[in-house]
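Here the structure comes first, spelled out in structure tokens, and everything after it is commentary.
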Amino acid sequence: MAKNLLIVESPAKAKTIEKILGEDFEVKSCFGHIRDLEKDDMGIDIKNNFMPRYIVPEDKQKVVKELKQLAKKSGEVWLATDEDREGEAISWHLCEVLGLDPVTTKRIVFHEITKPAIQSAVKNPRLLDLNLVNAQQARRILDRIVGFELSPILWRKMSMRSNLSAGRVQSVAVRIIVEREREINTFTSVSSFKVTAYFTGKDVNQKSISFKAEGAKFSNVSDAEKFLESCKSAIYKVADIQVKPAKKTPAAPFTTSTLQQEASRKLGYGVSKTMLLAQKLYEAGHITYMRTDSVSLGETAMNDITAQISTAYGKNFVQTRKFKNKNESAQEAHEAIRPTYMNQSKVDIADGQKLYELIWKRTMASQMADAELEKTIAKISISTNGETLTAQGEVLKFEGFLKVYREGKDEDEEEEENNESMLPPITVGQSLTLKEMIAMEGFTRPPARYTEASLVKKLEELGIGRPSTYAPTISTILKRTYVEKRDKEGTERKYRVLSMSNDIIKNKQESETTGTEKSKLFPSDLGLVVTDFLVQHFENVMDYGFTAKIEGNFDEIAHGKMKWNSMVGEFYTPFKTEVDNTMETAERIKGEREIGIDPASSKKVIARMGRYGPMVQIGDVSDEIKPRFAKLKQDQSIETITFDAAMELFKLPRNLGTFEDQDVLVSIGKFGPYISHNKQFYSLSKDFDPYVINLEEAIPIVEEKRTAKNERTVKVFEKEKIQILKGPYGLYLKKGLKNYPIPKEQQDTAADLTIEEVKQMIEYAIANPPKKTSRKKKS
DNA sequence: CAGTGAGCGAGCTTCCGCTTGACTT
């Protein structure tokens, strides 16, 4: 009898499952979706009830062909795609393409790849859930409509010529970054003075002790000073001690999102790097599937984990837990991310060890005992003013899960200096000696800029995007340059410190660096203006709750309570009206902002988007005097640039004077600052500031780089902007940014080439690009 | 690339969500 064919999504899964099922089944993978909407068009017949037009994309044709052939000669075909909306749809598409009857074809699901789970799944096949398939179609079609209607509006309304895009997920992701940036910009930091006292004394055994205690916060320096003043000659006594037990609970096992966050905090990985390494670990069989939103662990896995904990740390370290997902949008088709074998603590994947270790520890910790603590809070009285100070200490009574793992924290979650040190043994009534009392100025902090991973966290909270798309979404908004990932240097800030020892109060000023950022997401001006535009015209789609709202509708479709095309239609009609309206009536996107009047010409100075990005402009094209333009520096923004900073930009290009009877100019080009002299350009190193460099400094740079250049230049056709240059492999032609080869036989006589011959050579090179030699070995 | 920078516009671009290989020296 012919074998049955079982189709899953992932090839790595296929291998494992084939082993489990044995002789009767041949297990193949379809590599995810095998059909999609037409690519070049909307792909939807809107007038015909939004009937989708599906095609098999080029890169899936090979797989589909193979599956078709196998299906023909196999016994029964079983569909075992993931148990979620997308998986159900993939199975339906498989039916369509392989000519299977969706009403009789066997459909099975499982959440873990273990022998019992799979065998029981095979014993209990069900049929395709067409309601769920329709929910997926609604999701797909709605996303296509939003993306393919909004993007063209941007092409029309944005003068920049680039591949702009908008979509349900990406545009909201950018909005999150934009709004955070504005929160930071409008944030005003408030300072206060916090009192800390450093005490010494003796414990019951007459051993010397020392610790610190904290007092009130004062909103200004004079109140803080008054307080210190009032503590002069005071007697300090321990007024009260309270001891409270406390416990800490381990975090749930990893999902895609939490893995990305933790790898970012602890290992400094970007989300793409994390996923790439996780993929390698998965393919090598070291971990379970890495694109998941589930926190649950299979039964077999639980046994493996608890056995491992018992052996390594003892039975009292075991505490099993069934974690539940907080997130309603989770579809839980897989397990949490965990090692496949807990007894394996090392892997042989290059760069993968650290990530594996993180997964291993997190998994172990999740089934380990709570950590038990003892928190001590001591109140210290001040005799002179009746105020009290508080000293806190924490003692770990039982390590529990902390033995292997402690979750990292995001910047904005960092609690105020959580004192996790121990308090020395003190007794109520005991008097203490004040060594020093300090009132230090501190400042409230603006919200933190997002990292890739903290953005993923936010998106997940809003139910926007899926585990398989978090990393690609971030790549998209970076590629579109709506958002930039970069560092920011901190700024110096002064703060005051009042200190009192031996009843003498001193007032010092110190300085610190604040606001240093590493690998953070900043919105570009493009991101700012496009977001404003979209929010203004498409508030509905840009709303943070939009996805959650339509997910509710998809659920109703999945439960057969709503028809998918009427749901899409309800969205489409008002949306399309707004699209048409916006196309016709909306102004071009400029993000224009007036920032002042140029005193020299008394013309308006504006900051706005230009063809080549953000710029400042004096005057207008309609003026008699020509307008002047300057592009913004990398860290400047239309929204925040000051008048003075803008005027500084107009100092370029700048004529430094003459050298060898030719002007020396300094300016900033696409690739940074440069000097131009005698029609040649010399890029300026970081050591020189184009706004301050003078002629004396510029001349040596020109001379030095010119000699270097002369050694390379054989001939220059100035009018045509073509050069013949000497390279490591011989002579070649350079036109603009592109290089073209000079044929071997003409290498020696290249210096005598005429412009006509050179042009012909370039034409020939363009017409005959180097061929990709695909040599297939003949067996 | 480059002493500019607008706008004009031919013809191009684009979505989200599933999955992995891969044109070449």
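Proteins come first, then strands; the chains are lettered A, B, ... in the order of their sequence lines, and each starts at number 1.
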Note to self: Distance check needed: B:dC16 C1' versus A:Phe571 CZ, whole Å only.
What the structure shows: 14 Å

Next item on the list: Have a look at A:Arg608 and say if it touches a base, only the backbone sugar-phosphate, or nothing, with a 4.0 Å heavy-atom cut-off.
Entry: sugar-phosphate

Notebook entry, point to check: Is the closest side-chain heavy-atom distance between A:Leu277 and A:Tyr282 below 4.5 Å?
Noted result: no

Notebook entry, point to check: Between B:dT20 atom P and A:Asp59 atom CG, what is the distance in whole Å?
Noted result: 14 Å

Check: Which part of the nucleic acid, if any, lies within reach of A:Gln136 when heavy atoms closer than 4.0 Å are counted: base, sugar-phosphate only, or nothing?
Finding: nothing

Next item on the list: Check the distance between B:dC15's P and A:Met542's CE and give it to me in whole angstrom.
Entry: 14 Å

Notebook entry, point to check: Considering only heavy atoms from C-beta outward, does the side chain of A:Pro52 approach that of A:Arg140 to under 4.5 Å?
Noted result: no

Next item on the list: Would you mind telling me which of B:dT19, B:dC15, B:dG3 lies closest to the side-chain atoms of A:Asp663?
Entry: B:dG3

Margin query: Students often get this wrong, so: under 4.0 angstrom with heavy atoms, is A:Phe650 touching a base, only sugar-phosphate, or nothing?
Written below: nothing

Check: How about A:Asp59 and A:Phe31: do any of their side-chain heavy atoms sit closer than 4.5 Å?
Finding: no

Note to self: Does B:dC18 have its OP1 or OP2 closer than 4.0 Å to a side-chain nitrogen or oxygen of A:Arg466?
What the structure shows: yes

Margin query: Side chains of A:Val616 and A:Ile638, heavy atoms from C-beta outward: is any pair under 4.5 Å?
Written below: no

Check: What's the closest nucleotide to the A:Gln170 side chain, out of B:dT14, B:dA2, B:dG17?
Finding: B:dT14

Notebook entry, point to check: Checking ring-ring contact (aromatic ring centres under 6.0 Å, His included) for the pair A:Phe538/A:Phe546: CA distance, chi angles, key distance, verdict?
Noted result: CA-CA 11 Å; A:Phe538 302 98; A:Phe546 178 71; over 10 Å; no

Notebook entry, point to check: Quantified in whole Å, what is the P atom distance between nucleotide B:dC1 and nucleotide B:dG5?
Noted result: 16 Å

Check: Counting just side-chain N and O atoms, does A:Ser10 come under 4.0 Å of either OP1 or OP2 of B:dT20?
Finding: yes

Check: For A:Glu283 and A:Ser165, take the nucleotide of DNA chain B holding the closest heavy atom to each; which residue's nucleotide lies nearer the 5' end?
Finding: A:Ser165

Notebook entry, point to check: For A:Arg35 and B:dT19, what is the distance between atoms CZ and P respectively, to the nearest whole Å?
Noted result: 19 Å

Note to self: Please evaluate residues A:Ile618 and A:Met647 with respect to the criterion side chain to side chain contact (heavy atoms under 4.5 Å, CB included), reporting the C-alpha separation (whole Å), side-chain torsions for both, the decisive distance (0.1 Å), and the verdict.
What the structure shows: CA-CA 9 Å; A:Ile618 299 177; A:Met647 296 315 281; 4.1 Å; yes

Margin query: Under 4.0 Å, counting only non-hydrogen atoms across every strand here, what does A:Gly167 touch: a base, just sugar-phosphate, or nothing?
Written below: sugar-phosphate

Next item on the list: In whole angstrom, give me the gap between the C1' atoms of B:dT13 and B:dG9.
Entry: 15 Å

Margin query: Below the 4.0 Å mark, does B:dC18 have OP1 or OP2 next to a side-chain nitrogen or oxygen of A:Ser468?
Written below: yes

Check: Can you tell me if the side-chain N/O atoms of A:Thr469 get under 4.0 Å from OP1 or OP2 in B:dC16?
Finding: no

Check: Nearest-Å distance, CZ (A:Phe554) to C1' (B:dC16)?
Finding: 11 Å

Next item on the list: Kindly indicate whether the side chain of A:Arg139 and the base of B:dC16 share any N or O donor-acceptor pair separated by less than 3.5 Å?
Entry: yes

Notebook entry, point to check: Got A:Glu149 and A:Tyr572 here, is their nearest side-chain heavy-atom distance under 4.5 Å?
Noted result: yes

Next item on the list: For A:Gly87, answer base if it contacts any base atom (sugar-phosphate contacts may also be present), sugar-phosphate if it contacts only those atoms, and nothing otherwise; contact means non-hydrogen atoms under 4.0 Å.
Entry: nothing

Item checked: side-chain N/O A:Gln617 vs B:dA6 OP1/OP2, d < 4.0 Å -> no

Notebook entry, point to check: With a 4.5 Å limit on heavy-atom distance, are the side chains of A:Ser667 and A:Ser676 in contact?
Noted result: no

Margin query: By nearest atom, which of the nucleotides B:dC15, B:dC18, B:dT20 is closest to the A:Phe148 side chain?
Written below: B:dC15

Next item on the list: Assign A:Tyr470 to base, sugar-phosphate, or nothing according to its heavy-atom contacts below 4.0 angstrom with the strands shown.
Entry: nothing

Margin query: What's A:Pro152 touching, base or sugar-phosphate or nothing? Going by heavy atoms closer than 4.0 Å.
Written below: base

Notebook entry, point to check: So, do A:Phe629 and B:dT4 meet the stacking rule of ring centres under 5.5 Å and planes under 30°?
Noted result: no

Next item on the list: Pick base, sugar-phosphate or nothing for A:Thr476, based on heavy-atom distances below 4.0 Å to the nucleic acid.
Entry: sugar-phosphate

Next item on the list: Sticking with atom P, work out how far B:dA2 lies from B:dA6, rounded to a whole angstrom.
Entry: 13 Å

Check: Looking for any heavy atom pair under 4.0 Å, which part of the strands does A:Leu150 touch: base, sugar-phosphate only, or nothing?
Finding: nothing

Notebook entry, point to check: Is A:Ala89 touching bases, backbone alone, or none of the nucleic acid, heavy atoms closer than 4.0 Å?
Noted result: nothing

Notebook entry, point to check: What is the distance, rounded to the nearest whole Å, between atom CE of A:Met290 and atom C1' of B:dG17?
Noted result: 14 Å

Margin query: Mind checking if A:Val169 touches a base, just sugar-phosphate, or nothing, with heavy atoms under 4.0 Å?
Written below: sugar-phosphate

Note to self: If you compare every side-chain N and O of A:Arg291 against the phosphate oxygens of B:dT20 (OP1, OP2), does one of them come in below 4.0 Å?
What the structure shows: yes

Item checked: Short side-chain N/O contact to B:dT13 OP1/OP2 from A:Arg480, under 4.0 Å -> no

Check: Is any side-chain heavy atom of A:Leu526 closer than 4.5 Å to a side-chain heavy atom of A:Leu164?
Finding: yes

Check: If each of A:Arg140 and A:Ala12 is mapped to the nucleotide of DNA chain B with the nearest heavy atom, which maps nearer the 5' terminus, i.e. the 5' end?
Finding: A:Arg140

Notebook entry, point to check: Does B:dT20 have A:Phe31 stacked on its base, where the ring centres are within less than 5.5 Å and the planes differ by under 30°?
Noted result: no

Notebook entry, point to check: NZ of A:Lys157 versus P of B:dG9: gap in Å, rounded?
Noted result: 13 Å

Next item on the list: State whether A:Ser151 places a side-chain N or O below 4.0 Å from either non-bridging phosphate oxygen (OP1 or OP2) of B:dT13.
Entry: no

Next item on the list: Could you give the distance separating B:dC23 and B:dT19 at their P atoms, to the nearest angstrom?
Entry: 22 Å

Notebook entry, point to check: What is the nucleic acid contact for A:Lys590, judged by heavy atoms within less than 4.0 Å: base, sugar-phosphate only, or nothing?
Noted result: sugar-phosphate

Note to self: How many whole angstroms separate atom CG of A:Leu67 from atom P of B:dT20?
What the structure shows: 14 Å

Margin query: Taking the minimum atom-to-atom distance to the side chain of A:Pro11, which one of B:dT20, B:dG17, B:dC15 wins?
Written below: B:dT20

